[in-house]
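Shown next, in structure tokens, is the structure this report addresses.
All chains are named by letter (A, B, ...) in the order of the sequence lines, taking the proteins before the strands, and each is independently numbered beginning at 1.
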Number of protein chains: 2
Amino acid sequence: MGAPEVADTSVRIMIAAADAFAEHGFSATTTRDIASRAGLSPAGVYVHFSSKEVLLFELSRRGHMRARDTLVASAREAASPTDALRDIIGGFSRWHADHHQLGRIVQFEFRHLSPEHRAEVLDLRKEIDTVVADILRAGVEAGEFEVDDVRTTALALLSMAIDVARWYQPGLRRTPESIERSYGDLAVRLVRRG
Amino acid sequence: MGAPEVADTSVRIMIAAADAFAEHGFSATTTRDIASRAGLSPAGVYVHFSSKEVLLFELSRRGHMRARDTLVASAREAASPTDALRDIIGGFSRWHADHHQLGRIVQFEFRHLSPEHRAEVLDLRKEIDTVVADILRAGVEAGEFEVDDVRTTALALLSMAIDVARWYQPGLRRTPESIERSYGDLAVRLVRRG
DNA sequence: ATCATGACTAAGCGCTTGCTTAGTGTGACC
DNA sequence: GGTCACACTAAGCAAGCGCTTAGTCATGAT
């Protein structure tokens, strides 16, 4: 799974760790496994990362930031709240299929972060929530959407998309492209006026 | 968290294991932790369960069976497909709030089951998928629903409900009751005729 | 009274864990 | 040519792991 050759050792270790965490989970992954996937001795990892937990944090932080950036970018480009919602929920769902390994790590291994690192990741999550909630509010104001409770609806939409990482695997009947299309449409159905 | 006193030792061990798995995850939970939560010596657990993995399996099997039974029961009692859908998605969401510990174990620790045990749990999951898909089909036939792709929509609805176990925790603004109500309504919105 | 049964414990076996220590080889700079 | 910084390895430490073994003790049948 890991890229065969990456020049920068830190990046190579992070890819190795992502593969290992995705395969066995954080606790069941040994630092020896990560090291050997990265082509290093066990001690070589500690030149670049001070602990296994820091590696998980770095993966979580970067994963959340990339997901958030993708989301904000599609929101900005859309012509209307309806287009924006279709694009971000479709795009976010597709992201969780394309990066289902990283997605699983970020969502399921959250508890193994230290309290400080957990708080930092939580802040990133709130940013993501806010992007969706803002689009819903804009849609309601523009008369395009009808929504009972903006925050509950935003949460449900994100749940749909995030859960893709739990069940998706390559080679399935559903492709990332078809997921993007159908989940984008489902999102719009959920908020359209009655 | 564990009930203070339960007569049957097997049940006491299962409650102890559920608490420990929910708190630390399967791999990070030690058999010594389970034993001491159950008031036993480390070896005492092995009188009742032959391994830590078997304990996880028993928890997963019972969790899925209980969830499925709740779901089938509400589906049977409903007067129309619309009522049935609202009841089962609302009820299933609420179940994942009320039993968020068990829900998390069942959803997130799945990979640590042996291949045989995984297959057995997957069969139970398919039964749950089918209950939802059948209601959607009945609703389309009765002219109450409008659905592009029954299986995709069923999956998205289940995702919404299952994901509750990931984010819910007691003391939150959202109560199990309010989750049941709002998620039941969201489900109906998602499939109503345009 | 004797014995069988089954739930349980004390002790510990063999192994693996995350991480450290001490040392090696290499390339940049003066 | 010397040296200094840095990425890296071989070896291993202390602790903890899942699970087993050998034996204790209460109970109930004979």
Item to check | Listed nucleotide nearest any side-chain atom of S41(A), set dC19(C), dC19(D), dT9(D) | outcome: dT9(D)

Next on the checklist: Taking the minimum atom-to-atom distance to the side chain of A43(A), which one of dT20(C), dA7(D), dG18(D) wins?
Outcome noted: dT20(C)

In whole angstroms, how far is the [atom2] atom of [N] from the [atom1] atom of [X]?
| X | N | atom1 | atom2 | answer |
| --- | --- | --- | --- | --- |
| E53(B) | dC17(D) | CD | C1' | 17 Å |
| Y46(B) | dA10(C) | OH | P | 17 Å |
| I13(A) | dC19(C) | CD1 | P | 13 Å |
| L40(B) | dA10(C) | CG | C1' | 14 Å |
| H48(A) | dT20(C) | NE2 | C1' | 16 Å |
| D33(B) | dC19(D) | CG | P | 15 Å |
| L56(A) | dG18(C) | CG | P | 13 Å |
| I34(B) | dC19(D) | CD1 | C1' | 13 Å |

Next on the checklist: Would you say T9(A) places a side-chain N or O within less than 4.0 Å of OP1 or OP2 belonging to dC8(D)?
Outcome noted: yes

Checklist outcome for this item: Assign each of S27(B) and G44(A) the nucleotide of DNA chain D bearing its closest heavy atom; nearer the 5' end lies the nucleotide of G44(A)

Checklist entry - Less than 4.0 Å between a side-chain N and a carboxylate O, is that true for D33(B) and R37(B)? => result yes

Checklist entry - Using 4.0 Å as the upper bound for N to carboxylate O, is an ion pair formed by E58(B) and R62(B)? => result yes

Item to check | Greater than 12 external heavy atoms within 6.0 Å of D148(B)'s CG | outcome: no

Checklist entry - Quick check: are there more than 12 heavy atoms from other residues, nucleotides or ligands sitting under 6.0 Å from CZ of R173(A)? => result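 More than 12 within 6.0 Å, yes.
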
Checklist entry - Just checking S10(B): base, sugar-phosphate only, or nothing, at a heavy-atom cut-off of under 4.0 Å? => result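 The answer is nothing, as S10(B) stays clear of every strand by at least 4.0 Å.
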
Checklist entry - Is T29(B) touching bases, backbone alone, or none of the nucleic acid, heavy atoms closer than 4.0 Å? => result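 Sugar-phosphate contact only.
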
Item to check | Parallel, tilted or perpendicular: rings of H117(B) and F57(B) (30°, 60°) | outcome: parallel

Checklist entry - With a 3.5 Å cut-off and just heavy-atom distances, do the side chain of R32(B) and the base of dG16(D) make a donor-acceptor pair? => result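 Flag unset: no donor-acceptor pair detected.
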
